[in-house]
Participant: 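Mind having a look at this structure? Questions to follow.
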Amino acid sequence: MDMTSSAGKPVQITVTEGYELVKGTKGDFPVTFVRAEFNNVVLGDSTKFMVTAEGTARYNFNTSFEFNPDGVNTLDELAHKPVFLTVIEVLPKEKKQKDERTVTLGQAVVDLLPLLEGESTFEIMAPLHPVIGSPLENNRPGAKCCLEVTVSVSEALLTTAQILGGNLLRMTLEAAYSVPEIFVPTGPQQNYMAGLQIPSNKEKDYPILFKNGILKLGGEKEPVPRPKKWPIFNILAPGAQYIPDAFITGGPYVEEDGELNHPEDKEFRNQAETFKKRIVWDLESRSYLDPVAVVNFQKRIADCRFFPVEIARVPVAPVAKTKTKADKEAQFNFHGVAYVNMVPLLYPGVKRIRGGFRVLPYLDGPVYEKTKCLFSLFRDAGHQNQNHKPTNVPGINSPQAKPVVTKTGKEEKPVKEKDTVRRKSSSIKSQSSDFPLEGEIPLYQNSEGQQYMEAATYIVLEIELEKALVPKRLPEELGARVRDMIPPRPSPVRRTGGAQKALDDYHTQIQNISVAILEEYHKMFGKDLTPGKDLDNQTLEDHKCQLNYELNCSGKYFAFKEQLKHAVVKIVREKFLKTTAFENQEELQAFISELYIYLVDQMNVTLNQSMPDENLSTALTAATTSEQLRLFAYEAQVNEDFALATVYYEERLVRDNQNIEHWLDYGSFCLLLDDITKAQECFRKALASTVITGLMLMMFHYEQAEIFFEDATCLEPNNVVAWTLLGLFYEIQNNDIRMEMAFHEAAKQLNAKLIKEKTTSETVDIGGKLDSSITTLGIVRSSSPSKRDIPGDLCVQCSPGSAPLALHHFLEPYSKCSHLQNPNVWGLKGHLYFLNGNHAEAKECYERTVSFVVDAAEMHFIYLRLGSIYLEDGENEKAKNTYLMACKKSPSCLTWLGVGIACYRLEELTEAEDALSEANAMNNYNAEVWAYLTLVCLKVSFQLSTRQSFFPLKLGNEDLLKEIHRVQEMVGFGDPSF
């Protein structure tokens, strides 16, 4: 990458004024000047100025340093090192004093990060932090000492390509917790260090070091939020060591990305972060990644997944030359490593990872195996010195830092290429063999590092990027792509209705409401309270008051108003042709009066023309609803009568083809039949069903399926199913990183839901999950031709016609005591036994399910199967009652058929005929209904009805055919040969 355009650019720093500099060491109007420093180099001093009575000092101080990408002041230096502005007071000369005496008052910090964001100039009011013992510490309350600073360059330091393709890496090392007990604050002073290597635009990696960690004893947690510190140690003012507007905020363990984010780790982390020893850094190091380094960084993560973060302890005192070889080797001790999984940074839209990572002993073999790293940041310091000047390492030249000592006790010299090659080949040689070769000496023994593992030490760090390595598609983009793939739905046909139709609708609603009110009156006072005489006015008035009270308390009065509202609106628009707002209140009142008179007149007309009879309510609700059609279709699907199920599904679409659920149900049914083309057509009609459409497209169009799944996770980011399906899709694509991302997010959302729920609500919720995920699996017969109702990896059959063994494994966790009161579990166990042919156990489970106060999710099929078991066992009375409960809850052809069969077996032929007539009305193509109608007619000697019941339908029940033949022969009429 060409960076010569940025070479040699001066960075201009201007200090205009200082504010609130009232107090000095010797008085209230001190003489001060400003000293500017950058990268351990003094840039210059300003002219000396006396502070005014207002506390200001006009310095108008200009200085600069040269930015050079190949020199000392590189982009990395600008990223993690600020400009220090030190305000120094000049003390008055005393008698016989030759040199001036100065006292440091405070220090301000100027962050140069805006220059790396493309800005060419910026202004700030830099707070002036007092040094210890400075008179500024005792400044008046509310006073804010600060310097007005302007930073500018003649042209932007970064080109457009660098801004768009580059990135800024921030790494924050917070602390190492539960460190070995051998670490004590007494004794020789130790430098606790940590660091890692990141790819750069050169051949070798770039080191990031964190030095001078503070060893603390346990007793209390580190406060949050707490400010982050600069990785520099020559800062005079304590307040200047903190990075402006940068804080460590912490967060719940379960939301972290590290290794200790499981619920079982919570107790250990609480103990470690409260009572055990820790080493605290709280340092943030920043590094600029140019476009080439970004590519290398991304490639390294994809290839290695883990980055080694090393930790070690180094004595601050220099090594004496007379010490033995063992003493020299011990200078760099307690060498550990934490393996940081960087893969989440390759997830779309992810810019930050934070978590706790276990510290293990540093051993060449495991490190190379997990990270493909051949060199240690600390032990192999010469590797870094070949390509990086010491000034490139953050904080390496700070006054408190000492040179990294090696086994010779001296500053390590550059390693020769021959030694590097020998070390590399030896490391590879060791990895290629399970046993050490004869005469081979282990490269690195680390008994001290083992103590990290014994103490369960872990470090908490955060890695954040300015921009995500893999951009995430915006919801707007995904929505536009989905709209492009799905043809627009035609506009609904405008249905025009005149004034007469609006009036008829109003009459109909008046009739419905009057029937409901009359039924309520009958419930309260009976139908025949006063036979032969009228009630007196007082009694009627009392009844009226009680009725009004009941309607208002129960909410039915307001329901009637809502029911009537739509009809009134249509009358206003169609009859009175009023669609605009009223100009004044008088006009509104006049219209309301006119409308009220008209509505009351029409109400009286309706009530006088036809008082509703007893059967009106039944007649009005006799029509089959969409939900009933769905139930009939589902029944036919369970019984594998797919032709009949198709009829019901298509009937729902004919009634309302604008309902998305109708298309989804029919599309899912087509998938069950392997009719992919028709399923695709149905799902394209359902615009909101991005997940289902993605399932369908996953079979042929991977790119389109990915768009649908991503859109589903954007629309419902908390949907566990959407993230799981996205992970399965990436698994099919062999995209391991994104598969891991999707499954991790699914587990995260599921855990979040479980944490929020209480123990009692968890049982109910688990039942709900069973309803949605396994109920169909338990109901639909395993002999379905496509078996798409069962996942392929779970489709294990005990024997032909038996239920999948997966149900056993699924229900096993729910067999505990906490779930014995869950009706869904008992219902599913009943389905399991029923499909396996164990009707005795199924009967027990079904009876247990029915006995609960709270119904299970699929009571309809539980009633049907329990009733059929009763019929098989000859318990006809129980069968009749069971089927009647099903009829009351969700009537269908099969429920009434069950009632009819049970009544027929009980010789209750009249009730059997009525029940079978109801079943026939719901489905007059059911051969079994006609067969039992035939038996009933034969028993009551209705010859004409018997002939009519000989319907040309194929009856597959041979036993029922034989029974019809026997009855025909017994009664002496009918055609036994049909």
Participant: Please answer whether the main-chain N or O of P238 pairs with a side-chain N or O of Q241 as donor and acceptor at a distance below 3.5 Å.
Facilitator: yes

Participant: State plainly whether the residues R286 and D111 are in salt-bridge range, i.e. N to O under 4.0 Å.
Facilitator: yes

Participant: Please name the residue in the list E462, K228, E466 that meets the side chain to side chain contact (heavy atoms under 4.5 Å, CB included) test with R170.
Facilitator: E466

Participant: Does T713 reach the main-chain N or O of A722 with its side chain, forming a donor-acceptor pair under 3.5 Å?
Facilitator: no

Participant: Can you tell me how far the OH atom of Y347 sits from the CE atom of M741, to the nearest 0.5 Å?
Facilitator: 7.5 Å

Participant: In the structure I gave you, are the side-chain heavy atoms of V11 and S152 within less than 4.5 Å of one another anywhere?
Facilitator: no

Participant: Could you walk me through whether N62 and I13 satisfy the side-chain contact (heavy atoms from CB on, under 4.5 Å) test, starting with their C-alpha distance in whole Å, then the side-chain angles of each, then the deciding distance to 0.1 Å, before giving a yes or no?
Facilitator: CA-CA 6 Å; N62 292 289; I13 301 169; over 6 Å; no

Participant: Give a yes or no on whether a salt bridge exists between K229 and D282, defined as a side-chain N under 4.0 angstrom from a carboxylate O.
Facilitator: no

Participant: Which distance, rounded to the nearest 0.5 Å, do you find between the OG1 of T121 and the CG of L115?
Facilitator: 8.5 Å

Participant: For residues F233 and I235, determine if any side-chain heavy atom of one lies less than 4.5 Å from a side-chain heavy atom of the other.
Facilitator: no

Participant: Return the orientation label for the F378 and H335 ring planes: parallel under 30°, perpendicular over 60°, tilted otherwise.
Facilitator: tilted

Participant: Taking atom CZ of F33 and atom CD1 of I88, what is their separation to the nearest 0.5 Å?
Facilitator: 4.0 Å

Participant: Tell me, with the steps shown, if V280 and E174 meet side-chain contact (heavy atoms from CB on, under 4.5 Å).
Facilitator: CA-CA 6 Å; V280 179; E174 299 181 16; over 6 Å; no

Participant: What residues, two or more places apart in sequence or in another chain, satisfy side chain to side chain contact (heavy atoms under 4.5 Å, CB included) together with P130?
Facilitator: S134, L136, E137

Participant: If every non-hydrogen atom of T63 is compared with every non-hydrogen atom of A36, which pair is closest and at what distance?
Facilitator: CG2-CB, 3.9 Å

Participant: Might you confirm whether atom NZ of K467 has over 12 heavy atoms from other residues, nucleotides or ligands at distances under 6.0 Å?
Facilitator: yes

Participant: Just wondering, more than 12 heavy atoms not from D245 lying within 6.0 Å of its CG?
Facilitator: no

Participant: Under the criterion ring pair (Phe, Tyr, Trp, His ring centres under 6.0 Å), I'd like the reasoning laid out for Y458 against F357: C-alpha separation, chi angles, the key distance, then a yes or no.
Facilitator: CA-CA 5 Å; Y458 65 94; F357 301 89; 9.7 Å; no

Participant: Between N341 and D257, do the side chains contain an N or O donor and an N or O acceptor separated by less than 3.5 Å?
Facilitator: no

Participant: Any side-chain heavy atom of V337 sitting closer than 4.5 Å to one from V359?
Facilitator: no

Participant: Okay, side chain of E310, backbone of L377: is any donor-acceptor separation there less than 3.5 Å?
Facilitator: yes

Participant: Checking N73 side chain against E66 main chain: does a donor-acceptor pair fall under 3.5 Å?
Facilitator: yes

Participant: Atom CZ of residue position R352 - does it have more than 12 heavy atoms of other residues, nucleotides or ligands inside 6.0 Å?
Facilitator: yes

Participant: Using a distance-only test with no angle check, is there a side-chain donor-acceptor pair under 3.5 angstrom linking T32 and Y59?
Facilitator: yes

Participant: Could R354 and E464 be called an ion pair, given the rule that one side-chain N must be under 4.0 Å from one carboxylate O?
Facilitator: no

Participant: Checking N39 side chain against V41 main chain: does a donor-acceptor pair fall under 3.5 Å?
Facilitator: no

Participant: Keeping N261 on the side-chain end and E256 on the backbone end, is there a donor-acceptor pair under 3.5 Å?
Facilitator: yes

Participant: Side chains of K211 and N191, heavy atoms from C-beta outward: is any pair under 4.5 Å?
Facilitator: yes

Participant: Check step by step if salt bridge (charged side-chain N to carboxylate O under 4.0 Å, His left out) holds for R473 and E706.
Facilitator: CA-CA 11 Å; R473 283 184 278 214; E706 183 178 11; 3.7 Å; yes

Participant: Under 4.5 Å between any side-chain heavy atoms of I232 and K81, yes or no?
Facilitator: yes

Participant: Under 6.0 Å from the six-membered ring centre of F67 and within 45° of its axis: does the NZ or CZ of K9 meet both?
Facilitator: no

Participant: Could you check whether any side-chain heavy atom of L374 comes within less than 4.5 Å of a side-chain heavy atom of Y368, counting everything from C-beta outward?
Facilitator: yes

Participant: Please determine whether salt bridge (charged side-chain N to carboxylate O under 4.0 Å, His left out) holds for the pair R481 and D711, giving the CA-CA distance in whole Å, both sets of side-chain angles, and the decisive distance to 0.1 Å.
Facilitator: CA-CA 9 Å; R481 296 282 297 273; D711 194 23; over 6 Å; no

Participant: Look up atom CZ in R58 and atom CD in E148, then write down how far apart they are to the nearest 0.5 Å.
Facilitator: 9.0 Å

Participant: Taking everything shown except K472 itself, do over 12 heavy atoms lie less than 6.0 Å from its NZ?
Facilitator: no

Participant: Got a donor-acceptor contact below 3.5 angstrom from the R738 side chain to the N735 backbone?
Facilitator: no

Participant: Between M171 and F210, is a side-chain contact (heavy atoms from CB on, under 4.5 Å) present by the stated rule, with each step listed?
Facilitator: CA-CA 10 Å; M171 179 173 174; F210 300 92; 3.9 Å; yes

Participant: Side chains of Q107 and T86: any donor to acceptor distance under 3.5 Å?
Facilitator: yes

Participant: Taking all atoms of both residues into account, what is the closest heavy-atom pair of P308 and L196, and its distance?
Facilitator: O-CB, 3.4 Å

Participant: Quick check on side-chain hydrogen bond (donor to acceptor under 3.5 Å, both in side chains): which of R300, K299, R305 does D303 satisfy it with?
Facilitator: K299

Participant: Side chains of F307 and I463: does their closest heavy-atom pair fall under 4.5 Å?
Facilitator: no

Participant: Looking at every non-hydrogen atom in both residues, tell me the closest pair between L147 and A108 and how far apart they are.
Facilitator: CD1-CB, 4.0 Å

Participant: Carefully, step by step, assess V149 and T16 under the rule side-chain contact (heavy atoms from CB on, under 4.5 Å).
Facilitator: CA-CA 6 Å; V149 184; T16 308; over 6 Å; no

Participant: Within the side chain of S46, is there an N or O that forms a donor-acceptor pair under 3.5 Å with the backbone of V34?
Facilitator: yes

Participant: Show the nearest heavy-atom pair for residues I198 and S287, with the distance to one decimal.
Facilitator: CD1-OG, 3.8 Å

Participant: Within the structure provided, determine whether L128 and L21 are in side-chain contact (heavy-atom separation under 4.5 Å).
Facilitator: yes

Participant: Just by distance, do the side chain of E745 and the backbone of A742 share a donor-acceptor pair under 3.5 Å?
Facilitator: no

Participant: For Q197, is there any backbone N or O sitting under 3.5 Å from a side-chain donor or acceptor partner on D205?
Facilitator: no

Participant: Sequence neighbours excluded, which residues qualify as ring pair (Phe, Tyr, Trp, His ring centres under 6.0 Å) partners of F49?
Facilitator: none

Participant: Looking only at heavy atoms, which two atoms of W723 and N719 are closest? And how far apart?
Facilitator: CD1-O, 3.1 Å

Participant: Using 0.5 Å steps for rounding, measure from the CG atom of L289 to the CG atom of L465.
Facilitator: 7.0 Å

Participant: With rounding to the nearest 0.5 Å, note down the distance linking CG in L728 to CG in L726.
Facilitator: 9.0 Å

Participant: For Y339 and E259, test the side chains for any donor-to-acceptor distance below 3.5 angstrom and give the result as yes or no.
Facilitator: no

Participant: What closest approach, in Å, do G166 and P291 show between heavy atoms, and which atom pair accounts for it?
Facilitator: N-CG, 3.9 Å

